[in-house]
Amino acid sequence: MNTYTRNMTEGSELGHILRFTLPLLAGNLFQQLYNVVDSVIVGRYLGATAFASVGETGSITFLFYNLCIGLATGAGILISQSFGANRDRDVKRLIANSAYVLLVFGILISIVSVICAPLLLLMLGTLDSIFDAALGYMKIACSGTVAVAAYNWINAVMRALGDSKTPLIFLIVASVLNVILDLLFVVGFGMGINGAAWATVTAQGVAAAGSILFAFRKNPCFKLTRKLAMPHSSIIMRCIRTGVPVALQNSVISVSMIYLLRTANSFKDEAVIAAYTATMRVEQLIQQPFASLGTAISTFTGQNIGAGKPDRVRTGYHKGVRAVIIFSLVMLLLFLLFSRYIIGVFVKEADVVDIGAVALKISACFYIPLGLIHTTRGLLNGAGDVGYTMINGFSEVAGRIGFAILLVHIPAVGHWAIWGTSCLTWALTGTMSVLRYKGGKWKNRANLNSLKEPSYQDRK
């Protein structure tokens with residue numbers, strides 16, 4: 001064991017989870033700061049139309065990013081289980097081969113996303129008044145997908161080894177750089193929303209490069225011999241088989257978010273689109289504690305499943321659920337009191353603030369099921385039950401599309417259908433996740449237990 005790894009198979013379950021969660025939460029918040037800073041600077045300096053243009057691209061770029069994030073998560077699942085089982089050579093081979101997978105996919109997705117950008121915006125029904133600005137921003141943001149892939153790969157590997165502190169350091173540096181470049185490009189050079197996109201892509205590249213260089217210099221798990229670094233088709237296929245279901249889960253969820261954005265566009269009202277963009281930025285921040293806790297539980301689960309300790313997994317999960325409930329209730333109270341001030345950070349227009357403030361209050365009532373989605377999926381992914389999490393992702397798509405179709409045809413609901421759809425979808429998907437956990441099948445889904453061939457450790 002060294003400074004850059006953490007063995008979670010012994011000691012306090014909650015202690016391990018919280019010590020892992022807090023740096024991860026800080027890192028996730030700084031990562032979301034990219035989007036928030038873009039939105040605040042664009043909204044305050046360029047106005048509601050430019051702000052809506054940035055929001056128009058969010059769900060689409062999120063779709064492409066999530067394909068890479070899912071593959072990185074799959075690699076992390078395999079690495080955490082091998083690390084928990086003390087298979088050091090397996091860990092190193094998985095690190096090398098997962099890097100090849102993410103590099104190739106990152107480059108391909110960057111190219112495809114830039115080429116498809118105009119078509120996707122047309123399919124969204126993007127308003128003519130914001131189409132050109134949204135297209136320019138999206139092409140630049142999508143060109144940086146390879147940097148997103150690289151960062152999320154190194155982040156997933158370090159998390160699998162129990163290190164959530166190192167990525168935080170580089171995200172802090174990148175976030176500060178992002179703020180400086182945003183102000184320089186948008187305000188100083190007058191580059192408009194394209195400047196905000198370039199600032200974000202540059203900052204993401206810095207975080208990726210810094211994290212990778214540091215890991216290979218400092219973490220013993222990254223000390224690879226030529227033999228261990230060789231590509232192995234069987235290992236590459238295992239990374240793909242584990243990562244693709246998670247990537248599909250993430251991508252279909254993104255598709256459902258794109259459909260929800262299309263629903264927002266159908267109201268043909270820039271104020272509604274701007275309010276939706278503002279509430280999405282707030283929601284992204286609110287989801288970070290849930291996402292961080294879910295990632296911590298995933299790593300905790302992976303290591304303990306690899307070590308053959310499912311009871312520790314169950315105890316850690318129950319303690320995580322209690323944390324979700326407490327945080328959700330605190331956020332509900334906060335938004336009931338201060339929602340107008342929160343939306344006012346992003347935009348000045350009174351009609352946008354009015355809509356966004358009410359929408360935040362509606363969404364906050366459903367934060368508990370939202371938190372349960374993250375924590376329960378974290379457990380299921382960490383245990384290797386990735387097939388079900390993909391099914392659960394498809395149920396989220398069905399919920400968003402189905403509830404949107406239903407609610408928009410109820411005249412009394414109006415544009416509140418946008419936020420009502422998300423809330424009902426969280427309730428549906430969270431319930432399904434908990435039922436899967438209670439069924440107990442996750443205990444038999446570990447990838448180590450399903451190996452039919454000798455381990456890489458044995459094939460020296």
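All of these numbers come straight from a predicted model, not from anything done at the bench.
The shortest distance between side-chain heavy atoms of Phe83 and Met8 does not fall below 4.5 Å. With contacts defined as side-chain heavy-atom distances shorter than 4.5 Å, the pair Lys319/Ile17 does not qualify. Contact check for Val179 versus Val176: no side-chain heavy atoms found under the 4.5 Å cut-off. Side-chain atoms of Met138 and Leu121, non-hydrogen and from C-beta on, do get closer than 4.5 Å to each other. Side-chain contact between Cys239 and Leu94 is present, with heavy atoms from C-beta onward closer than 4.5 Å. Between Asn97 and Tyr100 the shortest side-chain heavy-atom distance falls below 4.5 Å. No side-chain heavy atom of Leu71 sits under 4.5 Å from any side-chain heavy atom of Leu67. You'll find the side chain of Phe366 stays beyond 4.5 Å of the side chain of Leu370, heavy atoms only.
Contact detail for Ile286 and Met331: the closest heavy-atom pair is CD1-SD, 3.4 Å. Between Lys361 and Leu336, the closest heavy-atom pair is CE-O, 3.8 Å. Closest non-hydrogen pair, Gln303 versus Ala160, comes out as NE2-O, 3.2 Å. Nearest approach of Cys142 to Ser113, heavy atoms of both residues: CB-OG, 3.1 Å. Residues Gly106 and Cys68 share a closest heavy-atom pair of CA-SG, 4.1 Å. Closest approach of Ile77 to Ser80, counting heavy atoms only: O-OG, 2.9 Å.
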Fill in: Ile154 vs Phe214, side chain to side chain contact (heavy atoms under 4.5 Å, CB included): CA-CA, chis, key distance, verdict
CA-CA 10 Å; Ile154 191 65; Phe214 185 88; over 6 Å; no
Worksheet entry | Stepwise side chain to side chain contact (heavy atoms under 4.5 Å, CB included) check, Asp354 with Arg340 | CA-CA 7 Å; Asp354 289 341; Arg340 291 189 61 84; 2.6 Å; yes
Worksheet item: What's the verdict on side chain to side chain contact (heavy atoms under 4.5 Å, CB included) for Phe290 and Thr375, showing C-alpha distance, side-chain angles and the deciding distance?
Response: CA-CA 7 Å; Phe290 297 144; Thr375 51; over 6 Å; no
Discussion item. Run Leu224 and Phe216 through side chain to side chain contact (heavy atoms under 4.5 Å, CB included) and show every step you take.
Written reply: CA-CA 9 Å; Leu224 308 179; Phe216 275 93; 4.3 Å; yes
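Donor-acceptor pairing under 3.5 Å is recorded for the side chains of Tyr317 and Thr376.
Remark: side-chain polar atoms of Asp163 are paired, donor with acceptor, to backbone N or O of Thr166 under 3.5 angstrom. Judged purely by atom type and a 3.5 angstrom limit, Thr61 has no side-chain atom pairing as donor or acceptor with the backbone of Ala141. With hydrogens and angles ignored, the 3.5 Å screen pairs a side-chain donor or acceptor of Thr279 with a backbone N or O of Tyr276. With Glu396 contributing its side chain and Ile391 its backbone, the two residues share no donor-acceptor pair below 3.5 Å.
The environment of CH2 in Trp198 is sparse: at most 12 heavy-atom neighbours from other residues, nucleotides or ligands sit within 6.0 Å. Residue Lys165 qualifies as open at atom NZ: its count of foreign heavy atoms under 6.0 Å is 12 or below.
Under the side-chain contact (heavy atoms from CB on, under 4.5 Å) criterion, Ile111 pairs with Ile107, Ile115, not counting sequence neighbours. For Ala99, the side-chain contact (heavy atoms from CB on, under 4.5 Å) test picks out Trp153, with sequence neighbours left out.
Among the candidates Val206, Thr200, Val186, Thr202, the single residue satisfying the side chain to side chain contact (heavy atoms under 4.5 Å, CB included) test with Leu181 is Thr202.
Ring-plane geometry between Trp419 and Trp416 is classed as tilted, the angle between the planes lying from 30 to 60 degrees on a 0 to 90 degree scale. The aromatic rings of Phe335 and Tyr367 stand perpendicular to each other, their planes meeting at an angle above 60°, with 30° marking the opposite boundary.
The CG atom of Asp90 sits 7.5 Å away from the CD1 atom of Ile235 when rounded to the nearest 0.5 Å.
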